[in-house]
Asker: 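Here's a structure for you.
Since the model is a prediction, treat every value here as computed from it, not as a measurement. Each chain gets a letter, A, B and so on, in the order the sequences are listed, and its residues count up from 1.
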Amino acid sequence: MRYQRPKGTADILPGDSEKWQYVEKTAREVFKTYQFKEIRTPMFENFEVFSRSAGDTSDIVTKEMYDFHDKGDRHVTLRPEGTAGVVRAFVENKLYGPQVLKPYKVYYMGPMFRYERPQSGRLREFHQLGVEAFGSESAALDVEVIAMGFNLLKKFGLNDLKLVINTLGDQQTRDDYRQALIDYLEPHFEELSDDSRARLHKNPLRVLDSKAPEDQKFVADAPSILDYLTPEAKAHFEEAKELLTALDIPFEIDANMVRGLDYYNHTIFEIMTNSKSLGQGYTTICAGGRYNGLVKELGGPETSGVGFGLGVERLLVLMDAESIEFPVDNDLDVYVVGIGDAANATTLKLAQAVRGAGLTAERDYLNRKPKAQFKSADRLNARYTMTVGDSEIENGVVNVKSMATGEETQVKMADIFADVKKVLRAN
RNA sequence: GCGGUAUUGGCGAAGUGGUUAACGCACCGGAUUGUGGCUCCGGCACGCGUGGGUUCGAUUCCCACAUACCGCCCCA
C-alpha cells in the first residue's frame with residue numbers, strides 16, 4: 001500500500017454515502033420547517049477567528065487546531081467547529097443591521113477539523129450539522145432550538161434520548177458563582193487533582209466537569225449555580241423550563257453541566273443517549289446553548305445567539321448501533337443485455353432511451369456473455385431486462401423480461417423509443 | 001501528547017522459525033454454442049502493514065515507523 005489517507009480521515013464510499021445523503025436531506029427538511037436557512041462559510045478562517053472565540057488559553061488553541069501559514073504568510077486555521085465562522089460571517093455581512101429580519105436563523109453542515117487522536121466516531125476531519133439564531137433574547141428561541149434538535153434526532157429514529165439542561169446565567173451570575181466556587185474549593189486545594197488545581201482560578205466551572213475521583217466528592221457538595229442566579233437569569237431559565245414543559249419535551253437539570261468557553265450564558269443543553277456504541281453511560285450526541293459575548297468578541301455589536309452542533313459521524317455510529325434502517329433506493333429499472341458486437345450501439349441507444357424517460361438504466365461494458373449480464377441484472381435488482389442480439393436488430397424488436405416473474409415478451413423497438421414507460425407498464 | 005491491543009488475498013478468517021499459507025464469502029470461467037437467483041467443477045496471496053535486525057532460514061523472534069481500535073488528555 002503506497003498511499004493511504006491521512007491519519008484520522010475517512011473515505012465515504014457508495015453504500016455509506018447514501019446514509020449521509022439521507023441524514024443531510026432529513027436535516028434540511030426539518031430545519032426548513034423551522035425556517036432556518038442554509039449558510040455556507042469557508043472551511044478555513046484566519047487563526048484569530050477561532051483563537052478569539054475559544055479564548056486563546058486552553059489546549060484547544062495550542063494543541064487541537066489544524067493551523068498553518070499559507071504562501072502569503074497568513075495564519076489560517078481549518079475550522080474546528082461551525083459557530084465561530086458563522087458569527088464572523090454574521091458580523092462581516094452586517095446581518096445585525098435593522099433591515100435584516102430577526103432572529104436571523106441559519107444552519108450549516110460540513111467538514112470540521114481537529115488535530116487529535118482519532119477514535120471511533122472521532123476523526124481529524126469530521127462533519128457537523130449545526131444551527132445558529134441571532135438577535136433575540138427570548139427563551140422561546142432557546143426552546144425552539146432545543147426542540148428542533150430533539151425532533152431531528154427523533155426523526156432519525158432515535159428514541160433512548162435524554163435532554164439535559166442547565167443555565168450559566170448572566171455575567172453577574174457567573175461572577176458571583178465563580179467566586180463562590182473558588183471560596184468553596186480553595187480550602188481543599190491540596191486535595192484536588194492536578195488538572196483541577198490548575199483550573200481553579202483560570203476556569204473554576206471546569207472543575208465541576210472533572211472526572212477525577214478525588215474531585216468528585218467536592219463536586220457533589222459544591223454550591224449550585226442555580227442558587228446564584230440573578231432575578232433576570234432566573235426568569236429566563238424558568239421561562240425556558242415552562243416552554244419545554246408546554247411542548248411536552250421531558251428534561252433533566254444538571255447544575256454541574258458547564259461549557260469550557262466564556263461566551264456561553266443562560267441556557268445550555270445536551271441531548272444524550274444511553275447507547276453503548278458511543279461509550280459507557282449517557283453520552284452527548286447534540287450540544288448547544290446560548291452565547292452572548294461571541295458576536296461582540298468578533299467585532300459586532302452586542303448581539304445574542306443560540307445554537308447547537310451535532311456530530312454526523314457519531315450520529316451514524318449511533319444509528320448503526322440502533323439498527324436503524326436507512327431508506328435507500330438502489331433499484332434499477334432496466335438492464336439492457338446486448339449480445340454480440342453488432343448490438344453495442346443498439347444497447348446504448350436503448351439505455352439512453354430509458355434514461356431519457358427518467359428511469360434508471362444499466363448495461364454491460366465488458367463484453368460479457370448473456371449469462372453474466374443477466375447475473376449482473378439480478379445483482380443490481382433490475383426490474384426489467386431488455387435483450388437485443390443480431391436477430392432482434394434485424395427484426396426491429398427487443399425482448400423485454402420482467403425479472404420478478406421471469407416472463408419475456410417481444411416488443412417493437414420503435415415502441416420503446418416512442419414511450420418506454422408505456423411498454424414497461426404493459427409487461 | 002501518553003498508555004494498551006491489533007495489522008495475513010477484494011472481504012471475513014485459520015495457521016507455522018524451514019520445501020505447496022487452511023477454510024468461507026465475493027469475483028471470474030465452465031457444466032447450460034443467447035438469459036438471473038439453486039447445484040456441481042475449476043480459477044483466484046508478485047506472498048502474511050512498511051523498513052531494519054537476529055538466524056543456515058522468518059509471515060512466524062526483536063526494534064523502529066505507519067495505520068486502526070480502546071483508554072487518558074481534550075471535546076469550541
Asker: Checking base pairs now: Watson-Crick or wobble, both atom distances under 3.5 Å. What partners A14(B)?
Answerer: none
Asker: Under 4.0 Å, counting only non-hydrogen atoms across every strand here, what does Tyr264(A) touch: a base, just sugar-phosphate, or nothing?
Answerer: sugar-phosphate
Asker: My understanding is that a pair needs two contacts under 3.5 Å, Watson-Crick or G-U wobble. By that rule, which nucleotide pairs with G47(B)?
Answerer: none
Asker: Once you apply a heavy-atom cut-off of 4.0 Å, does Glu270(A) come out as touching a base, just sugar-phosphate, or nothing?
Answerer: nothing
Asker: Taking atom C1' of G34(B) as reference, at what distance in whole Å does atom CG of Asn344(A) sit?
Answerer: 16 Å
Asker: Between the side-chain atoms of Ser391(A) and the base atoms of G34(B), is any donor-acceptor pair under 3.5 Å?
Answerer: yes
Asker: Side-chain donor or acceptor of Lys401(A) under 3.5 Å from a matching atom on the base of U35(B)?
Answerer: yes
Asker: If you take atom types as modelled and just measure distance, does the side chain of Glu392(A) reach the base of G34(B) with a donor-acceptor pair under 3.5 Å?
Answerer: yes
Asker: Just the rounded figure in Å: distance from P of C73(B) to CZ of Arg206(A).
Answerer: 10 Å
Asker: Taking only side-chain N and O atoms of Arg314(A), does any of them lie within less than 4.0 angstrom of OP1 or OP2 on C75(B)?
Answerer: no
Asker: Which nucleotide, in any strand shown, forms a Watson-Crick or G-U wobble pair with C61(B), with both distances under 3.5 Å?
Answerer: G53(B)
Asker: Quick one: does Arg114(A) reach the base of A76(B) with a side-chain donor-acceptor pair under 3.5 Å?
Answerer: yes
Asker: Does OP1 or OP2 of C70(B) have a side-chain N or O of Ser120(A) closer than 4.0 Å?
Answerer: yes
Asker: Would you mind reading off the distance between Glu116(A) atom CD and C2(B) atom P, rounded to a whole angstrom?
Answerer: 15 Å
Asker: To the nearest Å, how far apart are Leu366(A) CG and C27(B) P?
Answerer: 14 Å
Asker: Considering only C27(B), A76(B), G36(B), which nucleotide approaches the side chain of Asp378(A) most closely?
Answerer: G36(B)
Asker: Considering heavy-atom distances to RNA chain B, does Lys7(A) or Val388(A) have its closest nucleotide positioned more toward the 5' end?
Answerer: Val388(A)
Asker: Which is true for Gly8(A) with a 4.0 Å heavy-atom rule: it touches a base, it touches only sugar-phosphate, or it touches nothing?
Answerer: sugar-phosphate
Asker: Think Arg79(A) has a side-chain N or O under 4.0 angstrom from the OP1 or OP2 of A76(B)?
Answerer: no
Asker: What nucleotide, of A68(B), G29(B), A76(B), holds the atom closest to the side chain of Pro118(A)?
Answerer: A68(B)
Asker: Hunt down the Watson-Crick or G-U wobble partner of U5(B), both distances under 3.5 Å, from any strand shown, or write none.
Answerer: A68(B)
Asker: According to the Watson-Crick and G-U wobble definitions, with both distances under 3.5 Å, which nucleotide is paired to C38(B)?
Answerer: none
Asker: Think Gln119(A) has a side-chain N or O under 4.0 angstrom from the OP1 or OP2 of G71(B)?
Answerer: yes
Asker: Taking the six-membered ring of Phe113(A) as reference, does the cationic atom of Arg124(A) (NZ for Lys, CZ for Arg) lie under 6.0 Å from its centre and within 45° of its axis?
Answerer: no
Asker: Can you tell me which nucleotide in C73(B), A66(B), C69(B) comes closest to the side chain of Gln4(A)?
Answerer: A66(B)
Asker: Ignoring backbone atoms, establish whether Lys369(A) has a side-chain N or O less than 4.0 Å from OP1 or OP2 of G30(B).
Answerer: yes
Asker: Between Glu392(A) (side chain) and Gly389(A) (backbone), is there a donor-acceptor pair under 3.5 Å?
Answerer: yes
Asker: For A13(B) and U59(B), measure between their C1' atoms and round to the nearest Å.
Answerer: 16 Å
Asker: Between P on C72(B) and CG on Asp194(A), what's the gap in Å once rounded to a whole number?
Answerer: 17 Å
Asker: Once you apply the 3.5 Å cut-off to both distances, tell me the Watson-Crick or G-U wobble partner of U19(B), or none.
Answerer: none
Asker: Rounded to the Å, how far apart are Leu123(A) CG and C70(B) P?
Answerer: 10 Å
Asker: Taking the side chain of Asp195(A) as heavy atoms from C-beta outward, which of A68(B), C73(B), C28(B) is closest to it?
Answerer: C73(B)
Asker: Pick the nucleotide of RNA chain B nearest each of Arg117(A) and Thr9(A); which residue has the one closer to the 5' end?
Answerer: Arg117(A)
Asker: Any ion pair linking Glu137(A) and Lys102(A) (charged N to carboxylate O, less than 4.0 Å)?
Answerer: no
Asker: G30(B) C1' sits how many Å from Lys371(A) NZ, rounded?
Answerer: 9 Å
Asker: Partner lookup for C73(B), please. Criteria are Watson-Crick or G-U wobble with both distances under 3.5 angstrom; report none if nothing qualifies.
Answerer: none
Asker: Just N and O in the side chain of Arg122(A): are any of them under 4.0 Å from OP1 or OP2 of G71(B)?
Answerer: no
Asker: Would you kindly check whether a donor in the side chain of Glu408(A) faces an acceptor in the base of U35(B), or vice versa, at under 3.5 angstrom?
Answerer: yes
Asker: Going by distance alone, is a donor N or O of one side chain under 3.5 Å from an acceptor N or O of the other, for Arg174(A) and Gln171(A)?
Answerer: no
Asker: Under 4.0 Å, heavy atoms only, any strand: does Gly406(A) hit a base, just the sugar-phosphate, or nothing?
Answerer: base
Asker: Nearest-Å distance, CE (Met65(A)) to P (A76(B))?
Answerer: 12 Å
Asker: Less than 6.0 angstrom from the centroid, inside 45 degrees of the normal: does Lys162(A) satisfy that with respect to the ring of Tyr282(A)?
Answerer: yes
Asker: Is there a donor-acceptor contact under 3.5 Å linking the side chains of Thr360(A) and Asp333(A)?
Answerer: yes
Asker: Side chains of Tyr291(A) and Glu132(A): donor-acceptor distance under 3.5 Å anywhere?
Answerer: yes
Asker: Arg290(A) pairs by side chain to side chain donor-acceptor pair (under 3.5 Å) with which of Asp142(A), Thr167(A), Asn265(A)?
Answerer: Asp142(A)
Asker: Which whole number of Å gives the distance between the C1' atom of C11(B) and that of A45(B)?
Answerer: 14 Å
